[in-house]
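None of these values were measured; they are calculated from a predicted model. Below, chains carry the letters A, B, ... as their sequence lines are ordered, and counting in each starts from 1.
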Amino acid sequence: MLPPAFFARDVVAVARDLIGVGLFVDGVGGLIVEVEAYDPFDPASHAFNGPTKRNAPMFGPPGHAYVYRIYGMHWCLNFVCGEQPGSAVLIRALEPAVGIETMAERRGTGSLKLLCSGPGKLCQALSVTGAQNGAALDTPPFALTPAPAAEDIAVGVRIGLTKAAETPWRFGRVGSPYLSKPFR
DNA sequence: GTATCGATGATCT
DNA sequence: GATCATCGATACC
């Protein structure tokens with residue numbers, strides 16, 4: 001398990017270090033291959049305009065989940081990070097490892113590449129919903145395991161943003177077939 | 001491989 | 001009333 005101190009560091013450093021980390025919910029999940037960082041001074045962040053009802057977990061202690069609904073139909077999972085309140089890392093893609101049958105059933109596809117290759121997809125595959133909002137990441141149903149080896153990290157601009165679209169805070173495993181989108 | 005579009009509803013101004 | 005940290009289908013290259 002990753003200790004709370006892992007998350008209580010600069011959010012961009014944590015984002016980089018999350019590549020290769022194992023993420024499991026009730027034993028189902030895989031290795032993180034793509035993330036994005038958001039800090040409170042970032043116009044694209046939900047925390048930019050200060051605390052609201054929705055973003056409350058971002059201003060709580062690091063090492064907890066921030067789960068929100070986007071476009072009225074998908075869930076997105078973030079890890080609350082940083083030394084200062086209001087920072088988080090969006091988990092964008094996993095390499096499926098454990099519970100592939102379960103994930104395939106929840107996603108309605110047999111294609112490995114379509115199970116967790118996007119923030120909304122991996123939440124559906126791991127059954128992450130608002131029920132996990134604010135939950136600690138070092139207690140069930142969550143389980144996080146350290147990256148087995150040093151990773152070759154790709155860097156790029158974040159996806160789907162209209163604000164701060166040029167900030168290069170998207171990180172991923174070089175060459176992974178399980179990314180939401182290739183790095184350029 | 002990339003581009004565009006519609007679905008769909010909570011959140012915030 | 002506008003805005004989305006998305007997905008899947010379709011079209012095209």
(request) Using a cut-off of strictly less than 4.0 Å, decide whether Arg107(A) has a side-chain nitrogen or oxygen near OP1 or OP2 of dC7(C). (result) no
(request) Evaluate the side-chain proximity of Glu36(A) to Trp169(A): yes if any heavy-atom separation is below 4.5 Å, no if none is. (result) no
(request) Please test Glu95(A) against Ser176(A) for side chain to side chain donor-acceptor pair (under 3.5 Å), starting from the C-alpha separation and ending with a verdict. (result) CA-CA 8 Å; Glu95(A) 175 179 326; Ser176(A) 171; 4.9 Å; no
(message) Has Asn55(A) got a side-chain atom pairing as donor or acceptor with His46(A)'s backbone, closer than 3.5 angstrom?
(response) yes
(message) Counting the atoms with a prime plus P, OP1 and OP2 as sugar-phosphate, which does Arg54(A) contact under 4.0 Å by heavy atoms, base, sugar-phosphate, or nothing?
(response) sugar-phosphate
(request) Taking only the side-chain heavy atoms of Met73(A) (C-beta and beyond), determine which of dC7(C), dA7(B), dT11(B) contains the nearest atom. (result) dA7(B)
(request) Of all the heavy-atom pairs spanning Ala15(A) and Val35(A), show the shortest one and how long it is. (result) O-CG2, 3.4 Å
(request) Grab the CG-P distance between Leu115(A) and dG8(C) for me, whole Å please. (result) 11 Å
(message) Is there, by distance only and without an angle test, a donor paired with an acceptor across the side chain of Tyr68(A) and the base of dA10(B) below 3.5 Å?
(response) no
(request) Treat each ILVMFWY residue as a node, draw an edge where side-chain heavy atoms are under 4.5 Å apart, and state whether Val33(A) and Ile19(A) are in one component. (result) yes
(request) List the atom of Gly120(A), the atom of His74(A), and the distance in Å for their closest heavy-atom pair. (result) CA-CB, 4.3 Å
(request) Could you check which of dA5(C), dC12(B), dT8(B) has an atom nearest any side-chain atom of Tyr66(A)? (result) dA5(C)
(message) Please confirm whether the shortest side-chain N or O distance from Thr162(A) to OP1 or OP2 of dC4(C) is below 4.0 Å.
(response) yes
(message) Of the listed nucleotides (dC4(C), dA5(C), dG8(C)), which one gets closest to any side-chain atom of Lys163(A)?
(response) dC4(C)
(request) Kindly state which residues belonging to residues 164-184 of chain A come within less than 4.0 angstrom of DNA chain C, counting heavy atoms of the residue only, listed by number. (result) none
(request) Measure from NZ or CZ of Arg9(A) to the centre of the six-membered ring of Phe6(A) and say whether it is under 6.0 Å with the direction within 45° of the ring axis. (result) yes
(message) Of the listed nucleotides (dT6(C), dT11(B), dG8(C)), which one gets closest to any side-chain atom of Lys121(A)?
(response) dG8(C)
(message) Using whole Å, what does the distance between atom C1' of nucleotide dC7(C) and atom CZ of Arg69(A) come to?
(response) 14 Å
(request) Please map the stems of DNA chain B, keeping only stretches of three or more Watson-Crick or G-U wobble pairs with both distances under 3.5 angstrom. (result) B:1-7 with C:6-12, B:9-12 with C:1-4
(request) Starting from C1' on dT3(C), measure out to CG on Leu161(A) and report it in whole angstrom. (result) 13 Å
(message) Can you measure Ile159(A) atom CD1 to dC4(C) atom P for me and round it to whole angstrom units?
(response) 17 Å
(message) Can you confirm if the NZ or CZ of Arg158(A) lies within 45° of the ring axis of Tyr38(A) and under 6.0 Å from the centre of its six-membered ring?
(response) yes
(request) Check whether the aromatic ring of Tyr71(A) stacks on the base of dG9(B), taking stacking as ring centres less than 5.5 Å apart and planes within 30° of each other. (result) no
(request) Starting at atom CG of Leu114(A), determine the distance to atom P of dA9(C), rounded to an integer number of angstrom. (result) 9 Å
(message) Both Leu77(A) and Gln124(A) contact DNA chain C. Taking the nearest nucleotide for each, which residue is further toward the 5' end?
(response) Leu77(A)
(request) Look at Asp42(A) together with Lys163(A) and state whether they make a salt bridge at an N to O cut-off of under 4.0 Å. (result) no
